[in-house]
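Worksheet: the structure to be examined is printed underneath.
Within every chain, numbering begins at 1; the chains are lettered A, B, ... in the order of the sequence lines, protein sequences first and strands thereafter. A quick note: this is a predicted structure, and the numbers were derived from the prediction, not measured.
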2 protein chains.
Amino acid sequence: MQDLELNTDAYLPLRDVVFNTLREAILRGDLKPGERLMELQLAAKLGVSRTPIREAIRMLQQEGLAVTIPRRGAEVAGMTEKDMEDVLQIREALEILAVQLASEKVTDEQVDELAEKVKAFEEVLKTKDIKQIAQADIDFHDVIYTAADNPKLLGMLNNLREQIYRYRVEYLKDEKNYPRLIEEHQQILDGLRRRDKAYVAEMTRTHVDNQANAVKNIIRRQE
Amino acid sequence: MQDLELNTDAYLPLRDVVFNTLREAILRGDLKPGERLMELQLAAKLGVSRTPIREAIRMLQQEGLAVTIPRRGAEVAGMTEKDMEDVLQIREALEILAVQLASEKVTDEQVDELAEKVKAFEEVLKTKDIKQIAQADIDFHDVIYTAADNPKLLGMLNNLREQIYRYRVEYLKDEKNYPRLIEEHQQILDGLRRRDKAYVAEMTRTHVDNQANAVKNIIRRQE
DNA sequence: TTGTATTTTTTTGTATACAACGTTGATTCT
DNA sequence: AGAATCAACGTTGTATACAAAAAAATACAA
């Protein structure tokens, strides 16, 4: 772990600031799986008392980003290949649900917005800036989630995305995936424009499957 | 709210004891949607300090059972019909995923176990003890979740079940649903015995759909 | 009476104190 | 040397104290 820094902009209870800070640090990889989250240490580093730290840890724990053992404290949750497979299976089911719902409810404006995101994604691929690419991909999918009009589902998909984030970044580094990614996005967009539920479901399945396989390969290579 | 009582068996941090206690109280309906969760009051009632209460509230909040507004405190989360629809859609997708996975991985022993649960469910329906009936239904589905061999999915389905629990109990009170429930359980069992993935998926869809419609009716009536 | 300022009270947010537990490493005994 | 024991330290668990904000009650003026 290195320099954590509090992001003290608007008024938020410190527990939320700490929660966000730690979550980002975990996703970014600054805090590695298995690394202990010691209250006093974190409190000193972030310049707050143990109380907000403890509450943030309880939230991270419920979010699946940390595990705590009573009387021993919390550590960053790790992920085995099996864990990741499990998450990816769930994500596939929910992504398909989201796109199906979207195909029923999407407005013309949202279709246009999605078209923009597809284009923006294509553009940003050229920059080879992984952070930006990942964000553009998130933006694309967020339009779909929003169109699905199910906030609870949106929350769950965001949570699942978090769990995968670290590995998915690796996937997005591999340029040979780019043409396929672009095509898949385009197909999903076309399907939504036609409100073709079965088609978008199938395209999304392929899209997520490809990612899932790549992520699994990456994990296997890391072990 | 009435008599909350701490369930102080094995060693668990107080935050977990409080968390369980409050969760049960919310699900049982002792704590009603919108009811404020005041730290001092709860601390006094449960005989602990504010610290474990606060941590438990953070957990409930991440679990979706409570909502907290900064500087105003937490209250029991309510559910509109739309919220419930959203949850039920997700649950359907995940139940189907679970039963499909189960159809791939279920062992003969688990099929036998499931057969037992079907029988037990049938038996317990005669007692008209709602608590027992609900538990027997949970037991049935838990065998499937376990066979699906995806702990993360199990956790999510349990959480969704929690959110629905209060209303589902009403559904289980209506005796005219019993014959259909028995038949649906039987069909899912048969499908799993044959490892017929498409069939169990379809039966589960029907099963969950029926419940979903009933629950939605109950909510509509409550409003 | 009504509306507004002011104060009082209640409640949350944060820090800190102290106790209990676990771990580690030294020390003693075999 | 190796195992067992114990002491010292570090860490978490829990309670409490104090500050700050919000809500409620009160007083006062129109």
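Nearer to the 5' terminus of DNA chain D, by closest-nucleotide assignment, is the contact made by Ala74(A) (compared with the other of Thr51(A) and Ala74(A)).
Within a 6.0 Å sphere centred on NZ of Lys152(B), other residues, nucleotides and ligands contribute more than 12 heavy atoms.
Rounded to a whole Å, the CG atom of Leu37(A) is 13 Å from the C1' atom of dT12(D). For Leu40(A) and dT16(C), the CG to P distance is 11 Å, given to the nearest whole Å. dG13(D) atom C1' lies 16 Å from atom CD1 of Ile53(A), rounded to whole Å. At whole-Å resolution of the value, CD in Glu39(A) and P in dA20(C) are 18 Å apart. Atom-to-atom, CG of Leu46(B) to P of dT14(D) comes out at 13 Å; the value is rounded to the nearest Å. dG13(D) atom C1' lies 10 Å from atom CZ of Arg58(A), rounded to whole Å. Atom CZ in Arg36(B) sits about 8 Å away from atom P in dA23(D), given to the nearest Å. As rounded to whole Å, 12 Å separates atom C1' of dT10(C) from atom CZ of Arg72(B).
When Glu81(B), Glu85(B), Glu170(B) are each tested for a side-chain contact (heavy atoms from CB on, under 4.5 Å) with Ile219(B), only one passes: Glu81(B).
Considering only the side chain of Tyr11(B), dG13(D) comes nearest among dA15(D), dT14(C), dG13(D). For Arg71(A), counting side-chain heavy atoms from C-beta on, the closest listed nucleotide (dT12(D), dA17(D), dA22(D)) is dT12(D).
In the model, Glu162(B) has no side-chain atom that pairs as donor or acceptor with a side-chain atom of Asn158(B) under 3.5 Å.
Contact annotation: Arg50(B) does not reach the phosphate of dT16(D) (side-chain N/O to OP1 or OP2, under 4.0 Å).
Classified by interplanar angle (parallel below 30°, tilted 30° to 60°, perpendicular above 60°), the ring pair His207(B)/His141(B) is parallel.
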